[in-house]
Amino acid sequence: MKTIGQSLAPFKVEGVKPGFNLPEENGVSAFETITETSFPGKWKILYFYPKDFTFVCPTEIVAYNKLTRDFEDRDAVLLGGSSDNEFVKLAWRREHADLSKLSNWQFADTTGSLIDQLGIRHEAGVALRATFIIDPNNVIQHVTVNNLDVGRNPEETLRILDALQTGELCACNRAPGGETL
């Protein structure tokens with residue numbers, strides 16, 4: 001599993017833009033390829049969930065969605081995804097009222113290449129419920145991984161982002177002489 005201090009290697013997934021429920025709206029495509037160079041200068045919050053149309057996932061996605069502005073205020077982009085394709089994500093947005101016109105990005109890692117790069121594939125073949133906070137230089141600054149049925153608290157993700165952006169270290173990260181460990 002990739003961990004803190006490691007960089008994202010090149011990757012390519014299909015992104016589903018915020019605010020779309022159909023593949024094309026007003027002549028604009030809902031889809032855009034996302035790579036490690038997308039969103040320059042931004043922090044990236046990558047949160048993975050096992051499958052679309054499951055029972056725990058919408059709760060988390062809706063909770064992240066409610067915090068979209070808070071993450072944007074911190075120069076961070078929310079990107080939630082699974083190995084299901086981009087059309088399934090749009091169908092889920094249309095079928096689940098709370099996901100309609102979602103205000104953050106979703107992504108389809110249909111080949112599982114990003115899931116495998118990060119080392120978060122469950123033996124069932126789906127992504128574990130993992131969250132990565134990645135700085136503007138594409139360096140992983142935080143990782144949490146939960147089992148399939150254990151949800152996350154998006155407010156905790158926001159709190160951790162705040163802590164990372166302040167650059168302050170808690171006393172537990174300092175040696176007795178005061179130097180950083």
Measure from the side-chain N and O atoms of [X] to the backbone N and O of [Y], and report whether any donor-acceptor pair falls under 3.5 Å.
X      : Y      : result
Lys2   : Gly119 : no
Asp109 : Leu114 : yes
Asn146 : Gly151 : yes
Asp98  : Val62  : no
Asp162 : Thr166 : no
Gln106 : Gly80  : no

Roughly how far apart are [X] [atom1] and [Y] [atom2], rounded to 0.5 Å?
X      : Y      : atom1 : atom2 : result
Tyr64  : Leu79  : OH    : CG    : 11.5 Å
Glu72  : Asp70  : CD    : CG    : 9.5 Å
Ile133 : Ile4   : CD1   : CD1   : 9.5 Å
Asn137 : Leu8   : CG    : CG    : 11.5 Å
Glu60  : Arg152 : CD    : CZ    : 4.0 Å
Met1   : Ile140 : CE    : CD1   : 10.0 Å

Below 4.5 Å, heavy atoms only, C-beta onward: do [X] and [Y] meet side chain to side chain?
X      : Y     : result
Val139 : Gln6  : no
Val88  : Lys51 : no
Ile61  : Leu99 : yes
Leu118 : Phe11 : no

How far apart are the closest heavy atoms of [X] and [Y], and which atoms are they?
X      : Y      : answer
Pro50  : Val126 : O-CB, 3.6 Å
Glu155 : Asn153 : N-OD1, 2.9 Å
Ser100 : Asn21  : OG-ND2, 2.9 Å
Arg93  : Lys17  : NH1-O, 2.9 Å
Ala76  : Leu161 : CB-CD2, 3.7 Å
Ile115 : Ala127 : CD1-CB, 3.7 Å

* Asked: Are Tyr49 and Phe53 joined in one hydrophobic group, where the rule is that I, L, V, M, F, W and Y side chains link up if heavy atoms are under 4.5 Å apart?
  ->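 Same cluster.
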Taking distance alone, no hydrogens or angles, what donor-acceptor pairs closer than 3.5 Å link side-chain atoms of residues 38-48 to residues at least two apart or in another chain?
unit_1 : atom_1 : unit_2 : atom_2 : d
Ser38  : OG     : Thr35  : N      : 2.9
Ser38  : OG     : Thr35  : O      : 3.4
Lys44  : NZ     : Lys42  : O      : 3.2
Lys44  : NZ     : Asn138 : OD1    : 3.2
Tyr47  : OH     : Asn104 : OD1    : 3.4

Nonpolar side-chain network containing Phe87, other nodes, edges under 4.5 Å |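 Traced through the cluster, Phe87 reaches Val16, Phe20, Val28, Phe31, Leu90.
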**Request:** Examine the side chains of Thr157 and Thr131 and answer whether a donor and an acceptor come within less than 3.5 Å of each other.
**Result:**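 Side-chain D/A pair, Thr157 to Thr131: absent.
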Apply side-chain contact (heavy atoms from CB on, under 4.5 Å) to the pair Ser82 and Lys89, showing each step before the final yes or no. CA-CA 9 Å; Ser82 70; Lys89 290 174 184 354; 2.8 Å; yes
